[in-house]
Structures are given as structure tokens and as C-alpha cells.
Amino acid sequence: MDDQSDGRQGNGRNLKLPVPGKRNILITSALPYVNNIPHLGTIIGCVLSADVFARYCRLRGYNAVYICGTDEYGTATETKAREENCTPQQICDKYYAIHKEVYDWFDICFDEFGRTSTPQQTEVCQSIFKKLMENGWLTENTMQQLFCETCNRFLADRLVEGSCPMLDCNYDSARGDQCDKCGKLLNPTELKDPRCKVCQARPCIRDTDHLFLELPLLKDKLEEYISDMSVAGSWSQNAIQTTYAWLKEGVKSRCITRDLKWGVPVPLEKFKDKVFYVWFDAPIGYISITSCYTPDWEKWWKNPEDVELYQFMGKDNVPFHTVMFPSTLIGTGEKWTLMKSISVTEYLMYEAGKFSKSKGTGIFGNDVQDTNIPVEVWRYYLLTNRPEVSDTLFTWTDLQAKLNTELLNNLGNFINRVLSFIAKPQGLGYGSIIPDASGGESHSLTKRFAERIGICVDQYIEAMEKVKLKQALKIAMSISSEGNAYLQESQFWKLYKQDQASCSLVVKTSAGLVYLLACLLEPFMPSFSLKVLKELNLPPENQFSLRNENGDLEKAKKPWEILPAGHKIGTPDPLFKELKDEEVEAFRKKFSGSQAERVAKGEAEARKLAEQLEQTKV
């Protein structure tokens, strides 16, 4: 935690609340669903991207809070519980722990990572519902719903599959609420050839009473909000396109209740056997999780004058965050902090197809821990491959190329050249001491170099402020390339014998650049930056900073002033290890097929090995 708080303590933590006059930034990432292990597409699509931005905000000295958690209610949890022969709560407890472990491994630094199956969620959700009811935005209607006579139950959206009704799609595995192929939001009765996902029987249609949010009545206020905020918040193009496509189709009343047991109960006698639709209650989870973080949660969520809300998600979540959730909050008539900026990713594809939790295809959060590839490499690869404009493809050979070429040969090479030279004994280097040097402005090569670095730092800040994460990472890495070129052009190894003053300046400037790179790359690769601090012999609590008020950005433009003369560095070690062809091939084979197939293959290999051992004993 940083010092941007009023000092209140909660669970032994220093809680942050908005500070008037500061930039107060509330960051959320889409709540990952808790019925499976998160895959790399989930990680880059929400939690990792938001983590990078949150870390950047902390570097800048903004008062930032990053809220996330697991989305635990709804059909998918009930279904998974049935599959694993346990209760929905047990499923949630199991997968919450798995998600938390995966995100901890990925160095995701939440201020609060909570859950939606809490009393706080029920309280906040029902309170918002009652306000909507009082203000006349809810109506009661009888609707036709698919009923499975074999299972003797109404089928929630995700318990129905069939062919997409869109003529240009016809995807045969569309869900009852959405087609994953074309992105169209659906009602289950619209599906062609519907089938119960549990028993595969064809369901019949029955009447059932439900509550609806009258979005058409809120349309004018909603469109005003979208028109203003999409510009003020520089919404990503894919978010704008998806939102306006939704509005163009015509805003329809949306059912907010479901015939389920596992969810937030509807607080009306007539509907006591129903719960809220997961897409009504899930975004409210951001609020309830914040209420678990601090009892003063309203200072974040009902404070639009002082707080900016930034939200991160995959493209399939957009309409729920740009249309449904804002409409829900606007309908209460209260002064909510509505989303300012939305950052949306397309899909990350895996080798030959889409990452899929339900089908078990792709690389999952627990898989990466079984490789010898460190977390900073995974973070770097996912962020350089972040699908910001169109779908991107994960391939093992691409990961290998980025590690070996960009991290090892560019970034790692620059840092190792500089620190290894400083670490050489006197007569060959500087005996691990940062040399004394000044006059960078009058040394033409260093002056030109510093000007280029200054431009890069300004471009990095501009990109990060606009949440152009991939662009900012590319700019930061270009600074390392500039550093390598500066070393080559200076020919510092010759200067050491011919012009000690110039050599000291080049080396001190380059050492400052090593620190600057660690600072700029900290949001993207925090564990890498900690390793660099260790090699520079700077304590881990040495807070990286890019604050205007501290003059950090001006200092970055004079890299020879970043580290003090006389400082003793640590022991330089290679920061990255080459990934060889045979390792890539082994990973490709190991992670081919689905998770289930991999488990079966592993069990078969274990049985074979046990048999061989038994025969050896005989």
C-alpha cells in the first residue's frame, strides 16, 4: 500500500479512500467466473491488463484502488456442482482458492480480491433492486421459458444449447444467453433445435413470471451518458462499436430474475423462489467487494466528482458494462460513480483454435506453473500479444522468439553489459562502484541520447494514460534498444583506456537507464524489476516513482543523474534464460488437446510406469 489514504485500518491494512484534490482512480477487472481454472485468455483479458494499469497509477502517485473477485452465482456454478457431486458453495470455495493461487503466481496486486457469494452482495444488490422498484423502472411479465421434463426444472440460459438463429451464423453450440461465435445476445427460446445441456433432451416451453428492467424508459439518460463518457474516457474502439451496435438494434426490456436456487434472492414474497439473473447481480459485485474492502465504500462508488472508474474486460462482456450496469445505477436516481474508461480485449487464440474453459483447450493458469518459464516472461508475452484491436494467436514458437530476441538479446543483454562492466575490478572496470560523472548536456552523444530517451518517456506516459498498454510496453522496450545502440556508438570499452571522463559519463548514464527501465517496466514485469533492484543493490522497498511532483520525469531525461556516484552495485547475473527448440516442442506436445485428454494421458503414462516398475521388481 502507498500513502494515499486517510490512515484508517482494516484487517491490519492501511485502507485507501478518495482524497480531494488528487486523482482518485477506481479500477475493476471483469469478475472471472468461478466454475473452472482461468486460462491465459481470461488472464490477459481482464486481471493482468488491469493490474498493469493499477501498478502504473501507483507509480504516478495516483490514489488508485484495484478491485476484483470471483463471480460465483448462477447456472454454471449449479451445473459444475452437479458434475462434481457437491454443493455450489463447495464449488465456489474450491475454485476461489484456485483462482487466488493463479493470480498470486502471476503477481497480480489487487487491493481487494473478493467474491460475490457474500452477505454484502445480497445487501447491496437488494438495495439497488428496491430503488429501481420504487422509481418505477421494473415491470412484471409472464414469459415463456424452456422446461426440461426429464430434469423437472426450468432451464436457465446456460443450461440450454442449440443453433444460433442468426442467418449468417448458425453456430450449433450457441448458449441460451449468447452466441460465442457472432456475439449476439439471445433468449433461450430463440435458439433453433434447443437441447438441455444436462440430459440432451429437447425441452418444452412453459409460462413463468419474471421481473424486467425497462431499459427503453432509461434510453435517453443512457444514451446521454454513453455519448459524453465514451469521448471523455477515450473508450476503446471495440467497446464503442459493440455498444452502438446494441443501441442500434433497439434497447429492449431485460429480464433480471431467474428460476434458480443459487443466487441473490429476490426480496418479494411472490418471487421468493427466484434469484437475480447473474448479469444483473455480477457487476454489482464490484460494489459489494469494495464494501468488503472498506465500510466507507460509498466514498468510492457514490462520488463521481472525485473518482474516475476504469474497467477492464473481454469483448463478450461489453454490453453488460456499457448498457446494463450503467442503466441499473442510473435507474436508482442516486449519484453513482459511473464508468469513465473501458479497456476491452478481443480473443486470445491458442495455436489452432480458441481458448475455452468449457472445452478445456489452451494453456491454463495452473499449466504455466508446470513450465520452467518465469512469471515475468509469461506476463511480457501476454502483454505484447494483448488482443487490443483484433484476435491474436498464442504460439509456443512466438513465445520463444519474444523471450530469446526481445528479453534475452535486447533487454537482458543491455543490463548485463552495463552492470558487468561496472562490476569488473579497478583497471578493467569500476570495482562495482557507480563512477562520478557530470556534464551530460555538453557531451554531444549523451545529449542526443538523453533527448531521445526523454521523448520515449513522454510517449510512454501518454500511451499509459490512454490505457494503450501494448504500445507503452513497446516504447519502454525501445529504450533498451536505444541503450544498446548508445553503448555501441560510444565504444565505452575503448573510452575506458582513452578518455576516462567520457567513459564514466557513458557508464553512469547507462546505469541510470538500467534503473529507469526497471521503473518503466515494473507495471508489466514486477518480478523482473525487483531482480534489477537487487543487482543494483537497492532495497526492495525502494519505491519506483514517476511522479510529476517529485521531478521524476525531468530526472528521467537526465539519466546520468538518476543513480548517485559512489553507490556500490550488487552482483550482476543473467536475467533471462534462452528457451531452446526442444523445450518448445516438448511444451507443444504436453499442452496439446484438452485438459481432460491431458489428465487421461498422464494417468495412462503413470499406469504404464507403475507396470514397468512392477515388472522390474519381479
Discussion item. Please evaluate residues Trp301 and Leu309 with respect to the criterion side chain to side chain contact (heavy atoms under 4.5 Å, CB included), reporting the C-alpha separation (whole Å), side-chain torsions for both, the decisive distance (0.1 Å), and the verdict.
Written reply: CA-CA 9 Å; Trp301 279 100; Leu309 174 58; 3.7 Å; yes

Worksheet item: Where do Asp168 and Lys181 land on the salt bridge (Lys or Arg N to Asp or Glu O under 4.0 Å) test, with the steps shown first?
Response: CA-CA 11 Å; Asp168 55 348; Lys181 185 178 177 186; over 6 Å; no

Practice prompt. Could you please spell out the steps behind the side chain to side chain contact (heavy atoms under 4.5 Å, CB included) verdict for Arg386 and Ser49?
Written response: CA-CA 9 Å; Arg386 186 173 186 251; Ser49 297; 2.7 Å; yes

Discussion item. Let's go through Arg258 and Asp157 carefully: what are the C-alpha distance in whole Å and the side-chain angles of both, what is the deciding distance for salt bridge (Lys or Arg N to Asp or Glu O under 4.0 Å) to 0.1 Å, and is it a yes or a no?
Written reply: CA-CA 9 Å; Arg258 286 293 183 268; Asp157 300 352; 2.7 Å; yes

Worksheet item: Yes or no on side chain to side chain contact (heavy atoms under 4.5 Å, CB included) for Ile256 and Val266, after CA distance, side-chain angles and deciding distance?
Response: CA-CA 10 Å; Ile256 64 165; Val266 179; over 6 Å; no

Practice prompt. Test ring pair (Phe, Tyr, Trp, His ring centres under 6.0 Å) on His39 and Phe394 and set out the steps.
Written response: CA-CA 12 Å; His39 57 60; Phe394 172 100; over 10 Å; no

Item to complete: Start with the C-alpha gap between Thr79 and Leu159, add the side-chain angles, then the distance that decides, and say whether side chain to side chain contact (heavy atoms under 4.5 Å, CB included) holds.
Response: CA-CA 8 Å; Thr79 307; Leu159 281 181; 3.1 Å; yes

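Note on Asp367 versus Lys590: no salt bridge recorded, every NZ/NE/NH1/NH2 to OD/OE distance being 4.0 Å or above. Electrostatic pairing of Lys302 and Glu334 counts as a salt bridge here, judged by a charged N lying under 4.0 Å from a carboxylate O. Comment: Asp107 does not engage Arg379 in a salt bridge, judged by the lack of any side-chain N to carboxylate O separation of less than 4.0 angstrom. Looking at Lys468 and Glu388, no side-chain N of the basic residue comes within less than 4.0 Å of a carboxylate O on the acidic one, giving no salt bridge. We find that Asp111 and Arg58 are joined by a salt bridge, their nearest charged nitrogen and carboxylate oxygen being less than 4.0 Å apart.
In this pair, Phe154 and Phe147 present their aromatic rings perpendicular. The plane angle is above 60°, beyond the 30 to 60° band. Using the six-membered ring where Trp is involved, Phe110 and Tyr103 have ring planes that are perpendicular, over 60° apart on the 30 and 60° scheme. Between Trp297 and Trp336, the angle of the ring planes stays under 30°, which puts this pair in the parallel group of the 30/60° scheme.
Minimum heavy-atom separation, Val65 to Lys16: CG2-CB, 3.9 Å. Heavy atoms only, all atoms of each residue included: Gly69 and Ile289 are closest at CA-CD1, 3.8 Å. What you find for Cys125 and Asp281 is that their closest heavy atoms are SG-CB, 3.6 Å. For the pair Pro194 and Pro203, the tightest heavy-atom approach, listed with the atom from each and the gap, is O-CD, 3.6 Å. Nearest heavy atoms, Leu211 versus Thr257: N-OG1, 3.1 Å. Leu191 and Gly176 make their closest contact through CD1-CA, 3.9 Å (heavy atoms, listed as atom of the first residue, atom of the second, distance).
No hydrogens or angles considered: nothing links the side chains of Ser327 and Tyr225 as a donor-acceptor pair under 3.5 Å. A donor atom on one side chain and an acceptor atom on the other are not found under 3.5 Å apart for Gln89 and Thr87. Of the N and O atoms on the side chains of Lys274 and Thr208, at least one donor lies less than 3.5 Å from an acceptor on the other residue. Side-chain N/O atoms of Asn238 and Ser236 include a donor and acceptor closer than 3.5 Å. Between the side chains of Asp209 and Thr142, at least one donor N or O lies within less than 3.5 Å of an accepting N or O. Gln121 and Thr116 share no side-chain donor-acceptor pair at under 3.5 Å.
Counting heavy atoms from C-beta on, the side chains of Leu382 and Leu348 come closer than 4.5 Å. A 4.5 Å side-chain heavy-atom check between Cys57 and Ile27 finds at least one atom pair inside the cut-off. Contact of the Leu186 side chain with the Cys179 side chain is registered, since non-hydrogen atoms from C-beta on lie closer than 4.5 Å. Using a 4.5 Å heavy-atom cutoff, the side chains of Leu31 and Glu72 are not in contact. In this structure, Trp262 and Val275 have side chains that are not in contact, with every pair of non-hydrogen atoms separated by 4.5 Å or more. With a 4.5 Å cut-off on side-chain heavy atoms, Lys335 and Pro304 count as touching. Residues Arg55 and Cys109 have side chains in contact (heavy-atom distance under 4.5 Å, counting atoms from C-beta outward). Between Lys100 and Arg115 there is no side-chain heavy-atom pair separated by less than 4.5 Å.
Partners of Lys402 by salt bridge (Lys or Arg N to Asp or Glu O under 4.0 Å), not counting sequence neighbours, listed by chain and number: Asp398.
Paired with Glu161 under the rule salt bridge (Lys or Arg N to Asp or Glu O under 4.0 Å), one option of Arg202, Arg195, Arg175, Lys192 passes, and it is Arg195. Results of the side chain to side chain contact (heavy atoms under 4.5 Å, CB included) test with Phe312 over Val52, Val467, Leu48 single out Val467 as the only residue that passes.
With hydrogens and angles ignored, the 3.5 Å screen pairs a side-chain donor or acceptor of Asp391 with a backbone N or O of Tyr347. With Glu351 contributing its side chain and Trp396 its backbone, the two residues share a donor-acceptor pair below 3.5 Å. Under a 3.5 Å cut-off, the side chain of His99 and the backbone N or O of Lys94 do not form any donor-acceptor pair. Between the side chain of Glu149 and the main chain of Cys204, no donor-acceptor pair closer than 3.5 Å is present. Panel note: side chain Thr28, backbone Gln311; no donor-acceptor pair is recorded below 3.5 Å. In terms of modelled atom types and a separation under 3.5 Å, the side chain of Asn385 and the main chain of Tyr381 share no donor-acceptor contact. In this structure a side-chain-to-backbone donor-acceptor pair under 3.5 Å is missing from Asn35 to Thr77. Side-chain atoms of Asn135 come within 3.5 Å of backbone N or O of Gly331 as a donor-acceptor pair. A donor-acceptor distance shorter than 3.5 angstrom exists from the side chain of Tyr33 to the backbone of Tyr73, with no hydrogens or angles considered. Using modelled atom types, one side-chain atom of Thr328 and one backbone atom of Met324 make a donor-acceptor pair closer than 3.5 Å.
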Which atom pairs, one a donor and one an acceptor, fall under 3.5 Å between side chains of residues 243-252 and the rest of the protein, sequence neighbours left out?
{"unit_1": "Thr243", "atom_1": "OG1", "unit_2": "Ala239", "atom_2": "O", "d": "2.7"}
{"unit_1": "Thr243", "atom_1": "OG1", "unit_2": "Thr322", "atom_2": "OG1", "d": "2.8"}
{"unit_1": "Glu249", "atom_1": "OE1", "unit_2": "Lys184", "atom_2": "NZ", "d": "3.0"}

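Atom CG of Leu40 and atom CZ of Phe106 lie 5.5 Å apart (nearest 0.5 Å). From Phe524, atom CZ reaches atom CG of Asp51 across 11.0 Å, with rounding to the nearest 0.5 Å.
Under the 6.0 Å cut-off for aromatic ring centres, Tyr66 and Phe53 do not qualify, their centroids lying 6.0 Å or more apart. For Trp300 and Tyr293, the distance between ring centers is not under 6.0 angstrom.
No more than 12 heavy atoms of other residues, nucleotides or ligands lie within 6.0 Å of NZ in Lys131, so this atom counts as exposed by the packing criterion. For CG of Asn85, the number of neighbouring non-hydrogen atoms (other residues, nucleotides, ligands) closer than 6.0 Å is 12 at most.
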